[in-house]
Amino acid sequence: MLLGLKGSISELELHTIRSRLTAGLLAKAERGELAGMLPIGLMRDPSGVVVKDPDMAVQGRLGLVFQLFLQLRSVAKVMRALNERDLELPRRDRYGDLCWTRATLAAVAAILKNPAYAGAFVYGRTRFRPPKREGALPQKAPRPMEEWRIVVKDRYPAYIDWPIYEKIRSVIRDNRAEYMRIKTRGAPRNGELLLHGIAWCARCGHKMYVRYKGGGEYVCNHLRTQEGQPTCQHIRAAHIDAAVGDAFLTALAPAELDALSRSRRVQQQTNNALRSSAERELERKRYTAALAERQFNRADPDNRLVASELERRWEAALNDVRAAEEALARQTPPKAITQVAISKELNDKVISLTGRLPQIWGDETISDAHRKALLRCLIEKVVLDRGERDLALARIVWRGGAVTELEVKMSVNSVTRLTRGTEMPGTPSDARSRRRPRPTRSPQSLLGKVTALPVALVDQNEARAVP
């Protein structure tokens, strides 16, 4: 009995010690002093203070990733843009040392989603999910941003501020093509229909799908696929897209000049960042080649096993330098925009040149994905209702919360399906009403004609037989 009591007290002491240790860990995390693994680009100095990596190539590459995403608004597009220009990402190897690797989708997403780059210390971003089957181990799953346990802002030196980080997370979440489960819009893709991902049904409140078979149209078949009910509605997309596009261009017309100048400025900033990043990449590879050369020169020439390996590394570094120089030469230097004083006459001429946005919108070189991305900058969603006869209703919900109601004329198959088609004089119902009545014939007259027909045929045959 005494041994059993001692064992129970030991178990209670272990539980108490563990709870105290956990409470101390949480208290340290609430102060933001819990030392964890830092991402690439952040490091601790000898005193334990978190600072940025002194390597300017690492800082410039991380800043380029955030800048490209704010312009392209897609993780995959950022990855392709980096790989097209042979710009590698800084990573940590298995020993924690810095290395440079080719950009991947997971690497870019990990950089964009990490709150440490926004200067925040976060604890409790994951949770254990219960196993789906018996005997399986629980798995870690990421928590939503609203359910993070501890968030201490302005704890680390930041590459971006916190509002930009929240914007990046919202764009990444909105790009997920899970229309029915989390009601996101999905990333803009190529396709003629402009309202892909932002069209909603006004009757049942569900998101409408896109169907290109038999002509583009928006279809609400959620109730049909989930509950076996009839299709809610389907609307031809040509007139709807034209009306929404005109409303978008009309809303953007007052700020067109500012939008064009701002887009040009952002494009030039991105080009400058890409070129400076390529120059730093070339400088880093030149340093690696010079280091390989010094190591080869210090080696003993008689030790051919070591000298051959160092010579191979030096040759590989020189090849990397040559490839970086060719990649930098392919990039044309952007033209600098000179700031000049604009007089009133020149300003009037510039204002008179506005109105080019409809031409740019209808240009064949502009892809459908770019049009959709531009549309989503101002429009949150469009609620559609087919209505009756030849009228469809479209309610545009803008980003700021304003709402615009549109009545769109739709094509119909006949005059009777028009809104006031029955009042037109050329309708079939009106023609039937004004048609002259046919004279009625008695059955005796019809019988006389039928009996006289064989006699006439016999007379014609006898006349043909006479020579």
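Note that this is a predicted model, so its numbers are computed, not measured. Just so it is clear, the values below take in all heavy atoms, side chains as well, and ignore hydrogens, waters and symmetry mates.
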Next item on the list: Taking S277 for its side chain and A273 for its backbone only, find out whether a donor-acceptor pair lies under 3.5 Å.
Entry: no
Check: Checking salt bridge (Lys or Arg N to Asp or Glu O under 4.0 Å) for the pair E281/R85: CA distance, chi angles, key distance, verdict?
Finding: CA-CA 11 Å; E281 181 79 8; R85 294 168 176 81; over 6 Å; no
Check: Within a reach of under 6.0 Å around CZ of R20, are more than 12 heavy atoms found that belong to other residues, nucleotides or ligands?
Finding: no
Check: Heavy-atom distance under 4.5 Å between the side chains of W100 and V58, does that happen here?
Finding: yes
Notebook entry, point to check: salt bridge (Lys or Arg N to Asp or Glu O under 4.0 Å) between E325 and R286: does it pass, once the steps are laid out?
Noted result: CA-CA 10 Å; E325 290 176 350; R286 284 176 177 172; 3.1 Å; yes
Check: Got more than 12 heavy atoms from elsewhere within 6.0 Å of CZ, R129?
Finding: no
Notebook entry, point to check: Listed by chain and number, what are the ring pair (Phe, Tyr, Trp, His ring centres under 6.0 Å) partners of W162, not counting sequence neighbours?
Noted result: Y165
Notebook entry, point to check: Would you say the side chain of V210 lies within less than 4.5 Å of the side chain of Y218, judging by non-hydrogen atoms?
Noted result: yes
Notebook entry, point to check: Is it true that atom CZ of R149 has more than 12 heavy atoms of other residues, nucleotides or ligands lying nearer than 6.0 Å?
Noted result: no
Item checked: Straight-line distance of L25 CG to L21 CG, nearest 0.5 Å -> 8.5 Å
Check: What is the distance from atom CZ of R61 to atom CE of M56, rounded to the nearest 0.5 Å?
Finding: 12.5 Å
Check: How far does CZ of R102 sit from CG of N83, to the nearest 0.5 angstrom?
Finding: 3.5 Å
Margin query: Using side-chain heavy atoms (C-beta onward) and a distance below 4.5 Å, is K77 in contact with R80?
Written below: yes
Next item on the list: Indicate whether any N or O donor in one side chain lies under 3.5 Å from an N or O acceptor in the other, for R322 and N319.
Entry: yes
Check: Do the side chain of K285 and the main chain of A317 share a donor and acceptor less than 3.5 angstrom apart?
Finding: no
Next item on the list: With sequence neighbours left out, write down each residue that passes ring pair (Phe, Tyr, Trp, His ring centres under 6.0 Å) with F121, or none if nothing qualifies.
Entry: none
Item checked: Separation between OG of S367 and NZ of K372, rounded to the nearest 0.5 Å -> 9.5 Å
Note to self: Check this for me, if you would: do E309 and R313 make a salt bridge, where the nitrogen-to-carboxylate-oxygen distance has to be below 4.0 angstrom?
What the structure shows: yes
Notebook entry, point to check: Got a sec, which pairs hit salt bridge (charged side-chain N to carboxylate O under 4.0 Å, His left out) with one end in residues 25-46, sequence neighbours left out?
Noted result: R31-E33
Check: More than 12 foreign heavy atoms under 6.0 Å from OH of Y287: is that the case here?
Finding: no
Checklist line | Derivation and outcome, side chain to side chain contact (heavy atoms under 4.5 Å, CB included), residues L82 and V65 | finding: CA-CA 8 Å; L82 293 174; V65 170; 4.1 Å; yes
Note to self: Quick check with a 6.0 Å cut-off and a 45 degree axis cone: is K52 positioned over the face of Y159's six-membered ring?
What the structure shows: yes
Check: Got L274 and L68 here, is their nearest side-chain heavy-atom distance under 4.5 Å?
Finding: yes
Next item on the list: Just do the side chain to side chain contact (heavy atoms under 4.5 Å, CB included) check on K409 and L391 with the steps written out, would you?
Entry: CA-CA 5 Å; K409 290 286 186 179; L391 284 180; 3.7 Å; yes
Next item on the list: Side-chain contact test, heavy atoms from C-beta onward, threshold under 4.5 Å: evaluate it for I111 versus L89 and give yes or no.
Entry: yes
Next item on the list: Hey, could you give me the CE/CG distance between M43 and L38, rounded to the nearest 0.5 Å?
Entry: 9.5 Å
Check: Is any side-chain heavy atom of P131 closer than 4.5 Å to a side-chain heavy atom of L137?
Finding: no
Note to self: Ignoring hydrogens, what is the shortest heavy-atom contact between L62 and I40? Give both atom names and the distance.
What the structure shows: CD1-O, 3.6 Å
Notebook entry, point to check: Taking atom NZ of K113 and atom CZ of R169, what is their separation to the nearest 0.5 Å?
Noted result: 6.0 Å
Item checked: Contact check, side chains of R143 and R125, non-hydrogen atoms, under 4.5 Å -> no
